[in-house]
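Structure first, then comments.
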2 protein chains.
Amino acid sequence: MADINFKDPVGGPAVATRPSAARQAGPDEPRWDIIELLFFAYRDFVGDADHVLETFGFGRAHHRVVHFVCRYPGLTVADLLDVLRITKQSLSRVLKQLLDEGYIVQKAGDSDRRQRLLFATAKGEALVEKLARLQTDRIAHALRDLGPGGGEAVGKFLRAMIDRDDPDKVLQTILQGDASVKDIAT
Amino acid sequence: MADINFKDPVGGPAVATRPSAARQAGPDEPRWDIIELLFFAYRDFVGDADHVLETFGFGRAHHRVVHFVCRYPGLTVADLLDVLRITKQSLSRVLKQLLDEGYIVQKAGDSDRRQRLLFATAKGEALVEKLARLQTDRIAHALRDLGPGGGEAVGKFLRAMIDRDDPDKVLQTILQGDASVKDIAT
DNA sequence: CCGTATATGTCAACATGGCTGACATAAATT
DNA sequence: AATTTATGTCAGCCATGTTGACATATACGG
């Protein structure tokens with residue numbers, strides 16, 4: 001197999017000169033390093049769950065749904081749509097399967113009986129925890145060799161990467177750091 | 001709209017008790033915080049590029065291809081398949097479009113003329129830089145308020161999140177921190 | 001030189017998970 | 001009573017992943 005040669009083609013067509021792979025990024029230079037690290041890190045991060053999900057006949061879409069329902073019991077369908085930013089038709093497909101197979105149950109809202117509050121069953125929670133365990137192991141390993149301030153820096157970085165305009169309810173609780181859970185309960 | 005109520009349904013069907021949203025994560029507890037922050041951070045990170053790509057009639061798949069070709073000129077098709085971990089048929093669809101529309105050019109390998117070395121054109125590089133600029137702005141903003149060691153911690157964290165078994169050539173250069181580019185050139 | 005392996009390309013079919021548009025129902029709201 | 005809202009559903013389209021089969025050109029080993 002050929003190597004990455006970092007050269008322009010000899011006598012080839014008009015091509016751009018290569019971006020520096022060895023140069024240090026100055027101020028305002030694209031952060032190629034972080035961009036690519038995010039790609040690879042996220043790929044492997046979700047890959048952990050993907051393998052397990054396959055044995056259940058589920059995909060990533062099912063994971064996201066059952067994860068957030070498990071973590072935020074009583075989430076409504078509308079809330080879930082805000083979090084996932086997909087259409088109700090897309091959600092419906094995977095949600096129906098999770099309901100049919102007993103990973104999630106619905107309950108009509110108390111104050112508004114049109115709403116369908118969603119709850120994970122024990123079965124659903126077991127799946128979520130199995131997947132979270134895999135991902136947590138990877139995270140714990142990645143945090144292990146960071147200094148004491150390293151973990152906080154990573155959390156701070158990730159929070160600052162997230163859009164602040166129009167956060168949904170789940171995102172609000174996450175960004176507020178759990179300090180005021182009751183503040184979002186009207 | 002209903003609020004996330006963090007309660008079990010009254011008299012509802014058998015559901016699991018809620019995971020703690022307000023409790024601090026102890027050792028060995030799932031890192032719900034990082035798991036969810038990664039989800040939201042990556043969603044918004046790739047969202048930046050998605051909007052621009054739409055105006056070009058391209059998707060994320062096109063971005064990944066032209067990005068890595070631009071960054072690692074002379075990448076072969078096989079190299080690219082290793083990096084993206086997709087099938088050659090999937091790659092072929094988007095690569096063909098990028099070739100047809102003049103974002104990428106091919107050149108037969110020097111030592112092995114079966115190979116198709118890939119290079120971004122000026123047009124391709126302009127697109128990649130436009131997208132990288134957006135993502136870099138987000139990254140720079142997220143790194144801004146971290147202490148001096150914060151940036152290093154983030155890089156170290158992301159590197160440690162990546163699988164080390166069987167890294168492709170691109171990943172090798174990234175993980176080696178650019179110190180020995182020529183080491184990978186046989 | 002010949003046979004086999006490799007690098008790439010292509011066709012066809014299929015799965016997942018996004019999307020839009022249209023429409024139905026029940027319950028809340030005015 | 002009329003309208004709005006929360007949810008569900010049907011039908012079809014698109015992007016992007018998959019597998020399997022097969023073609024071509026080139027490299028390589030005997």
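All figures in this text were calculated on a predicted structure; none of them were measured in a lab.
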Quick check for you: among [options], whose closest atom lies nearest to any side-chain atom of [X]?
X      : options               : value
A:Q106 : C:dA27, D:dG8, C:dT10 : D:dG8
B:S90  : D:dT26, D:dT18, D:dG8 : D:dT18
B:R93  : D:dT18, C:dT20, C:dT6 : D:dT18
A:D112 : C:dA27, D:dC10, C:dA7 : C:dA27
B:Q115 : D:dT7, D:dA27, C:dA7  : C:dA7
B:R114 : D:dT7, C:dG18, D:dA25 : D:dA25

Self-check item: Parallel, tilted or perpendicular: ring planes of A:F58 versus A:Y103, cut at 30 and 60 degrees
Solution: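 Ring orientation of A:F58 relative to A:Y103: perpendicular.
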Quiz item: Knowing that exactly one of A:L99, A:T76, A:L117 qualifies, which makes a side-chain contact (heavy atoms from CB on, under 4.5 Å) with A:Q106?
Solution: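 Testing each of A:L99, A:T76, A:L117 against A:Q106, the sole residue satisfying side-chain contact (heavy atoms from CB on, under 4.5 Å) is A:L99.
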Quiz item: Does A:Q89 make a side-chain donor-acceptor contact with the base of C:dG21, cut-off 3.5 Å?
Solution: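 In this structure, the two groups form a donor-acceptor pair.
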Quiz item: Do you know the tightest heavy-atom contact between B:F68 and B:L75?
Solution: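 The answer is O-CD2, 3.8 Å.
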Quiz item: Under the side-chain hydrogen bond (donor to acceptor under 3.5 Å, both in side chains) test, which residues partner A:H67, sequence neighbours left out?
Solution: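 Residues passing side-chain hydrogen bond (donor to acceptor under 3.5 Å, both in side chains) with A:H67: B:E36.
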Quiz item: Taking only N and O in the side chain of A:H62, is any of them less than 4.0 Å away from OP1 or OP2 of C:dT16?
Solution: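 For C:dT16, neither OP1 nor OP2 has a side-chain N or O of A:H62 closer than 4.0 Å.
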